[in-house]
Amino acid sequence: MKVSETFIPTLREVPGDAIIVSHRLMLRAAMIRKLSNGLFAYLPLGLRSFRKVENIIREEMDAIGSLEIKPTVVIPGELWKESGRWEAMGEALLRVKNRLDSDFVVSPTAEEAFTAIVRDELSSYRQLPLSLYQINTKYRDEVRPRYGVMRGREFVMKDAYSYHTNDESLDETYQKMGRAYRRIFKRCGLTVIPVRADSGAMGGTGSEEFMVESEIGDNTLLLCAGNSVASSAGNSVASSAGNSVASSACGYAANVEKAACKPDYTVPASIEAAKAAAVSIPALEKIDTPHVKTIEELCGFLKTDAKKFIKTLIYKAVNVELDLSKAPGCAKLVQRKLAPDAPLVYPEAFFAVTIRGDLDVNEVKLAAILKAAEVMLAADTDVERITGAPVGFAGPVGLTSVPVIADETVTAMSDAVAGALAKDLHYTHVAYGRDFSPWLVTDVRTVVAGDRCPVCGEALYEKKGNELGHIFKLGYKYTKSMRVSYLDENGKSHTPTMGCYGIGLDRTLASAIEEHHDEQGIIWPITIAPFHVIIVPIKYDGAVKTAADSIAAELGKKGIEVLLDDRNERPGVKFNDADLIGIPYRVVVGDKNLAGDTPRVEIKRRAEKENRLVELTKAAEELTELVHRELAELNR
Ligand code: ATP
Ligand code: MG
């Protein structure tokens with residue numbers, strides 16, 4: 001293809017709101033243009049790369065037997081009402097009405113649509129397992145779309161959904177997806193870190209996220225010090241071929257939302273044992289702590305450290321599925337269904353969460369334990385109502401108005417300090433088991449760098465990451481609420497179990513640029529480059545034109561994708577653009593090298609500094625071999 005015949009309006013300057021490299025380079029290299037906040041159009045060059053990512057994903061999905069279908073993007077609101085997400089999804093869901101006043105949803109994800117399709121066709125266990133996918137437009141009304149296509153409002157996702165008669169079958173497909181994802185990212189030239197992720201109510205190993213390391217990442221990852229993640233940003237030369245999945249000695253890598261750690265304390269065998277051990281601790285004592293509210297203030301006041309305090313926070317949880325019928329203070333809580341076949345939930349419930357004073361509560365873990373849609377710190381007025389004291393004096397002793405959830409660290413504390421549910425008062429000598437018994441003891445701790453790996457005990461360290469893909473065992477959430485069933489070999493009706501698996505295409509493409517670029521521009525992994533070779537004639541005229549055309553034609557015949565810069569521009573301009581758009585191989589055709597007995601052209605790999613001369617007659621053959629070799633390396 002000739003540059004003059006396509007549309008590559010490269011830019012020297014970029015708008016100030018483009019902060020990250022991929023956003024800047026995608027604009028400058030004329031891959032994308034902004035239509036509005038979070039809405040981007042792909043121009044021809046960007047679309048070519050986008051389609052390559054798409055094809056890699058499609059090939060790998062097909063290879064594991066997932067079947068592509070194409071549902072609509074606009075989905076009947078009824079389906080979302082059935083699943084309960086019409087209400088639960090909140091503001092991110094774009095709801096629209098048609099001329100008949102019917103409700104619709106612009107798909108942010110498609111569990112409902114796929115499940116409705118499967119429900120209508122499923123009758124027998126013989127049809128399962130079934131794995132379906134689409135590569136299709138999604139819309140999420142993100143509060144803060146940013147970083148270009150990294151977090152857009154409209155984007156394209158490959159989303160797959162699988163249906164099974166049993167957990168083993170679900171696990172088999174889940175594992176296959178995990179392997180396919182590793183191949184997809186490797187083929188796109190990306191170094192990903194697969195991490196354990198929050199799996200909501202599913203627990204266990206039911207969720208894995210595929211992260212790329214990123215300074216602007218929204219996720220915090222905790223990795224075992226044995227983990228050898230290739231440092232990557234910018235140095236594409238080193239990492240363009242050998243990259244793939246970051247490996248680890250012990251293998252532990254988790255999203256902070258899920259991360260656990262080896263206890264740095266000793267847990268009593270039982271609450272009775274804790275109570276018995278407390279005989280050696282002085283009796284509970286109420287002390288005056290005037291104007292002392294925060295842990296730091298208390299530390300100063302009592303001249304001790306935060307590990308001695310039981311921190312107590314009052315949380316509000318929304319749509320709690322966990323059974324609270326026997327929980328303190330919950331007898332009068334009302335329950336309701338978000339949809340006719342959805343489970344009963346408590347629309348609103350309050351909890352006191354206690355944890356050792358030097359630690360923070362992990363709200364994602366808390367929400368998973370409560371099977372709640374959301375948890376948030378309670379408003380001051382709620383705290384005052386629940387604790388009977390101003391904010392700052394909550395504590396577990398004598399607190400009966402709400403269930404007390406204790407992080408396990410609290411059970412290992414003896415002779416602790418805690419709020420006394422009254423203004424300017426704290427308790428000292430607080431002992432778990434003797435002075436209070438929580439409703440639930442669990443792990444709600446936010447793990448931080450330096451905590452011990454739960455697998456091998458090495459220190460954990462942190463990295464920021466961006467999520468490119470996610471695989472998830474959903475279980476029965478949608479198949480139950482949407483009443484999907486099949487008959488087993490004995491004619492008995494059952495509900496299938498389900499998995500879902502997503503990859504963001506736009507974010508994958510942008511992340512490849514984040515990992516592979518230099519000062520001059522993009523350095524495409526060849527598998528997703530818009531073209532394999534760019535031919536730059538110094539002046540597209542005479543013998544130079546003839547030579548450039550002949551190389552282009554020959555390469556074209558061999559299936560190599562060629563961009564020919566036929567513009568009447570200065571060579572410097574053409575070289576800069578070639579570097580900017582990052583085509584893996586550049587061929588420069590000039591008068592000087594063509595003259596003489598053996599006409600030559602100059603070949604340069606974008607990732608390398610040096611160029612070399614090859615004979616004109618051998619150029620196409622050599623380039624073909626180079627391109628094929630590099631493609632094979634990444635696609636291996
Ligand atoms: P995030 O936490 O980044 O908002 P998510 O967990 O909500 O993502 P999923 O629902 O798991 O995302 O969607 C699967 C994939 O879709 C993500 O891994 C990501 O690659 C992509 N994706 C999600 N939201 C966006 C967005 N706003 N813009 C671009 N890609 C997105
Ligand atoms: Mg996710």
Side-chain angles (χ1 to χ4, degrees), residues 20 22-23 26 32 34-40 42 46 50 53-54 56-57 61 85 88-94 105-114 133-161 174 177-178 180-181 184-185 188 190 192-200 202 206-212 214 216-221 254-258 363-364 367-368 373-374 464-474 477-478 499-514:
I20 64 165
S22 58
H23 188 190
M26 285 175 95
I32 56 165
K34 179 172 165 175
L35 278 175
S36 172
N37 223 0
L39 298 180
F40 291 89
Y42 281 84
F50 187 90
V53 173
E54 182 177 340
I56 288 173
I57 294 174
M61 285 296 112
R85 285 208 289 186
M89 187 90 176
E91 295 297 303
L93 186 64
L94 183 62
V105 158
V106 183
S107 268
T109 171
E111 283 79 1
E112 284 80 356
F114 276 69
Y133 77 95
Q134 66 173 333
I135 300 179
N136 215 343
T137 300
K138 301 286 178 294
Y139 187 91
R140 293 182 185 181
D141 233 354
E142 298 275 356
V143 196
R144 269 186 67 216
R146 60 186 185 280
Y147 307 136
V149 300
M150 280 279 190
R151 184 173 298 284
R153 289 204 164 115
E154 188 179 300
F155 59 97
V156 173
M157 200 204 286
K158 181 289 297 175
D159 42 331
Y161 306 87
Y174 176 87
M177 287 283 174
Y181 275 38
I184 288 165
F185 295 123
C188 291
L190 278 157
V192 291
I193 312 173
V195 301
R196 297 171 200 221
D198 168 48
S199 49
M202 279 297 289
S207 172
E208 198 174 20
E209 288 167 337
F210 292 80
M211 297 282 185
V212 283
S214 162
I216 51 112
D218 294 320
N219 296 273
T220 302
L221 317 180
N255 191 316
V256 67
E257 294 177 348
K258 174 79 182 173
E363 295 181 358
V364 178
E374 218 182 330
K464 288 272 170 225
N466 243 336
E467 179 196 315
L468 300 188
H470 194 172
I471 60 177
F472 199 103
K473 290 183 190 173
L474 277 167
K477 184 171 157 70
Y478 296 92
C500 71
Y501 321 90
I503 292 185
L505 274 73
D506 314 74
R507 199 179 280 179
T508 298
L509 189 62
S511 299
I513 298 175
E514 291 287 329

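Start at 1 and go down the list; that is how both ligands and their atoms are numbered. Heads up: numbering here begins at 1 and tracks the sequence. The basis for the numbers below is simple: all heavy atoms, side chains too, and nothing from hydrogens, waters or symmetry mates.
Between Tyr174 and Gly206, the shortest heavy-atom contact is OH-C, 3.5 Å.
Within the 3.5 Å criterion, the main-chain N or O of Gly502 finds a donor-acceptor partner in the side chain of Tyr181.
In terms of the ring pair (Phe, Tyr, Trp, His ring centres under 6.0 Å) criterion, residue partners of Phe50 (sequence neighbours excluded) are, by chain and number, Tyr42. For Asn37, there are no side-chain hydrogen bond (donor to acceptor under 3.5 Å, both in side chains) partners two or more places apart in sequence or in a different chain. Residues that satisfy the side-chain hydrogen bond (donor to acceptor under 3.5 Å, both in side chains) test with Asp159, not counting sequence neighbours, are Gln134, Lys138, Tyr161.
In this structure the side chain of Asp141 never reaches within 4.5 angstrom of the side chain of Glu91, judged on heavy atoms. Side-chain contact between Met89 and Pro108: present, with at least one pair of heavy atoms (C-beta onward) separated by less than 4.5 Å.
Every protein residue with a heavy atom nearer than 4.0 Å to ligand 1 is included here: Arg140, Glu142, Val149, Met150, Arg151, Gly152, Phe155, Met157, Glu467, Leu468, Gly469, His470, Gly504, Arg507.
With respect to the Mg ion (ligand 2), His470 has ND1 as its nearest N, O or S atom.
Among the atoms of Glu467, an N, O or S atom falls under 2.8 Å of the Mg ion (ligand 2).
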